Amino acid sequence: MTIREFKMPDVGEGLTEAEILKWYVQPGDTVTDGQVVCEVETAKAAVELPIPFDGTVHELLFPEGTTVDVGQVIISVNVGGGAAPEEPAAPVAAAAPAQEPVAEPAAEPEGRQPVLVGYGVAASSTKRRARRTTAAPAAAQVAPAAPVQVPEQLNGHGPVTGDRPLAKPPVRKLAKDLGVDLATVTPTGPDGIITREDVHAAAAPAPAPVVEAPAPVAAPAPVAAPVQAAPAAASDARETRIPIKGVRKATAAAMVGSAFTAPHVTEFVTFDITRTMKLVEELKSDKDMAGLRVNPLLIIAKAVLVAAKRNPDINAAWDEANQEIVLKHYVNLGIAAATPRGLIVPNIKDAHAQTLPELSQSLSELVATAREGKTTPAAMQGGTFTITNVGVFGVDTGTPILNPGESAILAVGAIKLQPWVHKGKVKPRQVTTLALSFDHRLVDGELGSKFLADVAAILENPKRLITWA
């Protein structure tokens with residue numbers, strides 16, 4: 001019998017870990033080459049993982065909800081037929097405590113840290129600790145004895161002894177920053193691994209002793225405990241705590257980085273969009289648009305592409321490392337989409353070159369894929385301009401934050417029937433507000449105003465889609 005192992009693969013985002021969302025197989029199930037065995041979520045998207053060989057599932061190494069480093073074994077498969085042999089116990093000293101796992105030497109070359117495809121490798125003096133192969137159950141009470149014999153050097157982490165606490169490098173750094181001795185921390189992770197929550201709990205100050213005062217005094221106002229000192233998933237009848245991870249964590253980091261890196265300026269324009277709404281109704285019955293979804297967002301997206309052609313500098317990027325402005329002669333149009341896992345911004349590649357029917361098809365596929373949680377990492381990379389439609393929630397407008405690497409983002413407000421002066425008379429008209437946020441290092445007030453005015457002018461009179469295209 002032959003056991004083959006399948007490791008957490010590179011999924012193309014430059015990240016080093018992923019959370020197992022769901023297993024589609026169980027031990028004893030038969031799998032074939034290319035069959036999807038699990039779904040994982042990184043900080044960018046959810047991805048289904050196919051297994052690259054045939055066989056029978058021997059063991060699932062991690063339960064659902066576990067965050068696993070890239071390169072760690074997540075499933076083993078018996079590819080030789082028959083039942084898999086039981087793993088022999090590791091030889092240990094008779095009186096030695098057996099909490100420390102015996103690790104196999106790492107297969108990574110010196111100085112290399114595995115990363116996800118697309119961003120190359122990062123040189124590092126730190127290597128990943130190899131996965132546990134065997135471990136003997138610890139006795140309830142044992143006398144002090146010599147530590148379990150393990151390789152002197154485990155993946156670049158230095159000499160390891162049997163009583164060395166188990167923790168990942170980021171957790172060790174956290175403990176060092178907080179001044180926590182890992183030897184004093186009680187582990188709650190699998191196989192006795194110390195987690196970030198364990199470190200935070202150990203760093204929490206002990207409650208002060210109650211001292212009786214000689215006379216009644218006013219009780220001090222309660223002080224909220226630091227958020228980081230509480231377990232991430234703790235909950236009670238009055239509040240619920242949700243771990244910050246995956247897409248939401250990546251989005252938060254990106255937005256904070258953008259807000260404090262690029263100097264944002266936001267401009268607004270309110271206008272009559274009635275003619276565009278009439279055009280939408282006409283296109284719904286057009287034979288060239290049969291079977292396609294036609295809505296105001298489609299025409300707004302087309303208006304943005306035409307306005308970007310008239311004002312090409314709006315479609316640029318600031319390269320801080322090389323101190324260059326990158327003018328892009330293509331538009332990868334991002335559409336902000338709210339999903340159960342958080343806000344994501346997939347983009348339509350080369351949207352500037354698409355016809356209106358092609359753009360409609362691309363928008364429909366983008367939205368459907370996002371709602372299903374199947375957006376690929378590649379679909380969210382390389383965006384050059386973003387549209388966020390807050391009007392679907394009944395919101396008039398907002399001040400959107402730029403996507404990192406882009407120079408502008410357009411927020412579309414709700415379209416409402418309002419009194420408006422039209423041809424010298426007050427009439428009920430469809431009115432909306434657009435908000436354009438832009439990076440003032442790249443886009444000055446003149447350029448931003450011209451671009452926004454062009455988008456509004458096209459939507460006020462959509463014939464300009466033809467005359468300005």
Side-chain angles (χ1 to χ4, degrees), residues 44-45 273 276 279-280 283 286 288-289 291-317 326-339 343-372 374-392 400 402-412 434-439 442-443 447-448 450-459 462-469:
K44 295 292 185 180
I273 197 174
T276 287
L279 176 61
V280 169
L283 289 175
D286 191 296
D288 292 330
M289 302 296 290
L292 298 175
R293 185 177 182 182
V294 180
N295 56 20
L297 180 60
L298 171 62
I299 308 303
I300 293 170
K302 193 64 176 178
V304 165
L305 296 172
V306 172
K309 183 178 180 181
R310 289 169 56 85
N311 305 275
D313 290 351
I314 200 75
N315 190 50
V326 183
L327 298 177
K328 300 179 180 179
H329 308 299
Y330 58 92
V331 180
N332 290 347
L333 185 62
I335 304 296
T339 73
L343 181 69
I344 63 174
V345 187
N347 61 79
I348 301 171
K349 309 299 183 186
D350 293 325
H352 67 287
Q354 295 190 0
T355 64
L356 194 64
E358 291 171 341
L359 188 60
S360 174
Q361 182 67 32
S362 297
L363 280 170
S364 297
E365 293 174 353
L366 178 148
V367 172
T369 303
R371 287 176 177 172
E372 294 172 0
K374 303 300 182 183
T375 302
T376 63
M380 293 186 287
Q381 296 173 353
T384 65
F385 187 98
T386 295
I387 297 175
T388 177
N389 186 8
V390 298
V392 296
L402 298 171
N403 262 339
E406 299 179 14
S407 64
I409 178 173
L410 183 74
V412 181
L434 301 180
L436 179 73
S437 290
F438 51 86
D439 185 343
L442 288 160
V443 182
L447 174 59
K450 284 184 175 180
F451 174 81
L452 185 59
D454 280 355
V455 174
I458 293 170
L459 297 174
K463 290 180 181 179
R464 293 188 173 100
L465 287 173
I466 299 174
T467 59
W468 288 2

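Throughout, residue positions are numbered sequentially from 1 according to the sequence presented. What's counted below: heavy atoms across the whole structure, side chains too, no hydrogens, waters or symmetry copies. Nothing here was measured: the structure is a model prediction, and the numbers come from that model.
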For the [atom1] atom of [X] and the [atom2] atom of [Y], what is their distance to the nearest 0.5 Å?
| X | Y | atom1 | atom2 | value |
| --- | --- | --- | --- | --- |
| Leu447 | Leu452 | CG | CG | 11.0 Å |
| Ile300 | Leu434 | CD1 | CG | 6.5 Å |
| Asn347 | Ile335 | CG | CD1 | 9.0 Å |
| Phe438 | Phe385 | CZ | CZ | 11.0 Å |
| Glu372 | Thr339 | CD | OG1 | 12.0 Å |
| Lys450 | Ile314 | NZ | CD1 | 12.0 Å |

Show the nearest heavy-atom pair for residues [X] and [Y], with the distance to one decimal.
| X | Y | answer |
| --- | --- | --- |
| Ala317 | Gly405 | CB-O, 3.3 Å |
| Ala307 | Val455 | CB-CG2, 3.6 Å |
| Leu343 | Ala338 | CD1-N, 4.1 Å |
| Val304 | Ile387 | CG2-CD1, 3.9 Å |
| Val443 | Gly448 | CG1-N, 3.5 Å |
| Ser407 | Leu442 | CB-CD1, 3.6 Å |

- Under the salt bridge (Lys or Arg N to Asp or Glu O under 4.0 Å) test, residues paired with Arg293 that sit two or more places apart: none

- Message: Can you list everything that forms a salt bridge (Lys or Arg N to Asp or Glu O under 4.0 Å) with Lys309? Sequence neighbours excluded, please.
- Response: none

Strictly by modelled atom types, are [X] and [Y] linked by a side-chain donor-acceptor pair under 3.5 Å?
| X | Y | answer |
| --- | --- | --- |
| Gln354 | Ser362 | yes |
| Thr386 | Asn403 | yes |
| Thr384 | Asn315 | yes |

- Message: By the definition side-chain contact (heavy atoms from CB on, under 4.5 Å), identify the one residue from Leu283, Ile273, Leu359 that meets it with Ile299.
- Response: Leu283

If only atom types and distance count, is the side chain of [X] paired as donor or acceptor with the main-chain N or O of [Y] below 3.5 Å?
| X | Y | answer |
| --- | --- | --- |
| Asn295 | Leu298 | yes |
| His352 | Val331 | yes |
| Ser360 | Leu292 | no |

Is the closest side-chain heavy-atom distance between [X] and [Y] below 4.5 Å?
| X | Y | value |
| --- | --- | --- |
| Thr375 | Met380 | yes |
| Met289 | Pro357 | yes |
| Lys302 | Leu465 | yes |
| Asn332 | Ile348 | no |

- Task: Write out all pairs satisfying salt bridge (Lys or Arg N to Asp or Glu O under 4.0 Å) with one or both partners inside residues 348-360, taking only residues at least two apart or from two chains.
- Result: none

- Take Trp468 and Ile458 through the test side-chain contact (heavy atoms from CB on, under 4.5 Å) and record every step on the way to the result. CA-CA 9 Å; Trp468 288 2; Ile458 293 170; 3.6 Å; yes

